[in-house]
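Note that the structure is a prediction, hence the values are computed from the model and not measured.
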Amino acid sequence: MYNSWGNIPEWSIPNEYIPNTVVSVIIAARNEEDTIEKCILSILNCNYPKSLLEIIVVDDHSTDQTNAIIKKYTNQGIKLLNLIETTGKKQAISNAIQASKGKLIICTDADCIVSATWLNSIVSLYQSNSKRLIVAPIVYKSNTSIIQKFQFLDGINNMCVTAVGIDKQSFFLANGANFIYEKSLFNEINGLDDSMHIPSGDDVFLIKK
C-alpha cells in the first residue's frame, strides 16, 4: 500500500499555467449551519478567476439555519438550489449538475474548508493531462474526541486503499469531498440515475460506472 501511494507523483502548478476552464463547484448541504459558511468563504477566497467559476449549493430540506446562511452569499455569486419534491445527496448533485454551466464539475462537502490554490491545482492538472475524471485526497483536522480520531484514521486508510486501486488499475474508489469530473462524462453515463434509490455511495457508484 505504501509503495502504491509513493508511486503517485505530487502535482505542482506549472509556471506556464493559464486557467481557461469554466468550473462548477457543487456542494450538497443538509443541516450544516455550523460549517457551511466557512466552506463557502474558503471557496470564494480561492484565487481562481471569478469569470470562470460557478458555485452551486443545494439545500436538501435543512431544518436549521443552513438555507438562511447560504442566502447571505447569493449576491456574491453563490447559486442556491432547493430540493423540493425529492431528497438525498445523489439527487442534490444531479440537480446541481443539470443546472450548471461549467465544463468541469468539482464536488466538495459542506464541512470542508479549501485552500486558496485548491481550484488552480485541480484545473492545472486537468488542463495538462486531459483526464476526464480526477480523484483527490483530503486532509483531516481532528479535535480531542477519541472516536473522531479513529474515524479520521479510517478515512486516511480509505485514501491509501484508493491510491492502491488507481496505481494498480484494479479497482477504483473516490471521496466525494474532493471529486472532479467533466459534466459531459456525467451525462454520457447517465450519472447516478440507476443508484438513486440507494441513500449513500454517490462517489463510489459514479466512479465504478
Side-chain angles (χ1 to χ4, degrees), residues 19-32 35-36 39-40 43 46 48 52-62 66-67 70 74 77-112 114 118-119 121-123 125-127 129-138 155 158-159 161-163 165-166 169-209:
N20 56 29
T21 303
V22 178
V23 303
S24 295
V25 176
I26 293 176
I27 307 163
R30 184 174 188 177
N31 293 337
E32 299 281 3
T35 60
I36 188 62
C39 178
I40 289 173
I43 298 171
C46 282
Y48 195 74
L52 299 174
L53 174 62
E54 175 184 55
I55 305 171
I56 304 176
V57 186
V58 188
D59 180 21
D60 181 11
H61 301 88
S62 293
T66 296
N67 197 280
I70 299 168
T74 54
I78 302 297
K79 185 174 183 178
L80 170 62
L81 299 181
N82 294 298
L83 286 185
I84 305 299
E85 298 179 355
T86 55
T87 187
K89 186 177 180 182
K90 291 178 183 176
Q91 192 64 62
I93 292 172
S94 297
N95 286 13
I97 292 176
Q98 183 178 7
S100 68
K101 64 181 181 182
K103 178 181 181 181
L104 195 64
I105 302 298
I106 302 178
C107 293
T108 191
D109 287 346
D111 59 352
C112 291
V114 305
W118 177 58
L119 291 174
S121 294
I122 291 170
V123 176
L125 175 64
Y126 171 71
Q127 291 182 184
N129 294 276
S130 300
K131 301 297 183 184
R132 301 189 71 192
L133 184 146
I134 298 170
V135 176
I138 59 175
N158 287 337
M159 282 192 286
V161 171
T162 297
I166 293 172
Q169 295 287 290
S170 55
F171 61 90
F172 298 92
L173 299 174
N175 190 320
N178 204 2
F179 194 22
I180 305 99
Y181 43 86
E182 289 182 346
K183 179 178 180 178
S184 61
L185 176 61
F186 183 88
N187 291 333
E188 283 174 24
I189 63 174
N190 295 319
L192 297 161
D193 289 353
D194 56 353
S195 64
M196 202 69 72
H197 62 289
I198 303 173
S200 62
D202 54 285
D203 41 19
V204 174
F205 281 111
L206 188 61
I207 197 169
K208 285 187 176 180
K209 288 184 73 175

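Between the CZ atom of R30 and the CG atom of N67 there is a distance of 13.0 Å, given to the nearest 0.5 Å. A distance of 13.0 Å separates CD1 in I55 from CG in L80, rounded to the nearest 0.5 Å. With values rounded to the nearest 0.5 angstrom, F186 atom CZ is found 7.5 Å from I93 atom CD1. For the atom pair OG (S100) and CG (N95), the distance works out to 11.0 Å, reported to the nearest 0.5 Å. Atom CD1 of I27 and atom SG of C39 lie 4.0 Å apart (nearest 0.5 Å). Put simply, CD1 on I97 and NZ on K183 are 8.5 Å apart, with the number rounded to the nearest 0.5 Å.
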Would K89 and D203 satisfy salt bridge (Lys or Arg N to Asp or Glu O under 4.0 Å), going step by step from the backbone distance to the final call? CA-CA 10 Å; K89 186 177 180 182; D203 41 19; 5.9 Å; no

What's the verdict on side-chain contact (heavy atoms from CB on, under 4.5 Å) for F179 and D109, showing C-alpha distance, side-chain angles and the deciding distance? CA-CA 10 Å; F179 194 22; D109 287 346; over 6 Å; no

Steps toward side-chain contact (heavy atoms from CB on, under 4.5 Å) verdict (Y181, I207): CA-CA 10 Å; Y181 43 86; I207 197 169; over 6 Å; no

From CA spacing to verdict: side-chain contact (heavy atoms from CB on, under 4.5 Å), Y126, L104: CA-CA 9 Å; Y126 171 71; L104 195 64; 3.8 Å; yes

Starting from the C-alpha separation in whole Å, work towards a yes-or-no answer on side-chain contact (heavy atoms from CB on, under 4.5 Å) for F172 and V135. CA-CA 9 Å; F172 298 92; V135 176; over 6 Å; no

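Here the options are I43, V57, I78, the test is side chain to side chain contact (heavy atoms under 4.5 Å, CB included), and the partner is V25; only I43 passes.
Under the 3.5 Å distance criterion, the side-chain polar atoms of K90 are left unmatched by any main-chain donor or acceptor of L192. Remark: the backbone N or O of D193 is not paired with any side-chain donor or acceptor of N190 at under 3.5 angstrom. Put simply, the side chain of T35 gets close to the backbone of A110: a donor and an acceptor are under 3.5 Å apart. A donor-acceptor pair under 3.5 Å links the side-chain atoms of N175 to the main chain of A177, judged by distance alone. Proximity of a side-chain donor or acceptor of S24 to a complementary backbone N or O of E54 within less than 3.5 Å is not detected. Proximity of a side-chain donor or acceptor of D59 to a complementary backbone N or O of N82 within less than 3.5 Å is not detected. With hydrogens and angles ignored, the 3.5 Å screen pairs a side-chain donor or acceptor of D60 with a backbone N or O of G88. Panel note: side chain Q127, backbone N20; a donor-acceptor pair is recorded below 3.5 Å.
Considering every non-hydrogen atom in both A29 and I36, the closest pair reads CB-CD1, 4.3 Å. Contact record, C46 with L119: CB-CD1, 3.9 Å, taken as the closest heavy-atom pair. When all heavy atoms of A99 and L81 are compared, the closest pair comes out as CB-CD1, 4.1 Å. Across all their heavy atoms, I122 and I134 have their closest contact at O-CD1, 4.2 Å. When all heavy atoms of M196 and S94 are compared, the pair lying nearest together is CE-OG, 3.6 Å. Shortest non-hydrogen contact noted between L185 and R132 is N-NH2, 3.4 Å.
With sequence neighbours left out, T86 forms a side chain to side chain contact (heavy atoms under 4.5 Å, CB included) with L83, Q91.
Applying the salt bridge (Lys or Arg N to Asp or Glu O under 4.0 Å) test to every pair with at least one member in residues 96-108, sequence neighbours left out, gives no pairs at all.
Atom CD of E188 sits in a crowded spot, with more than 12 heavy atoms from other residues, nucleotides or ligands closer than 6.0 Å.
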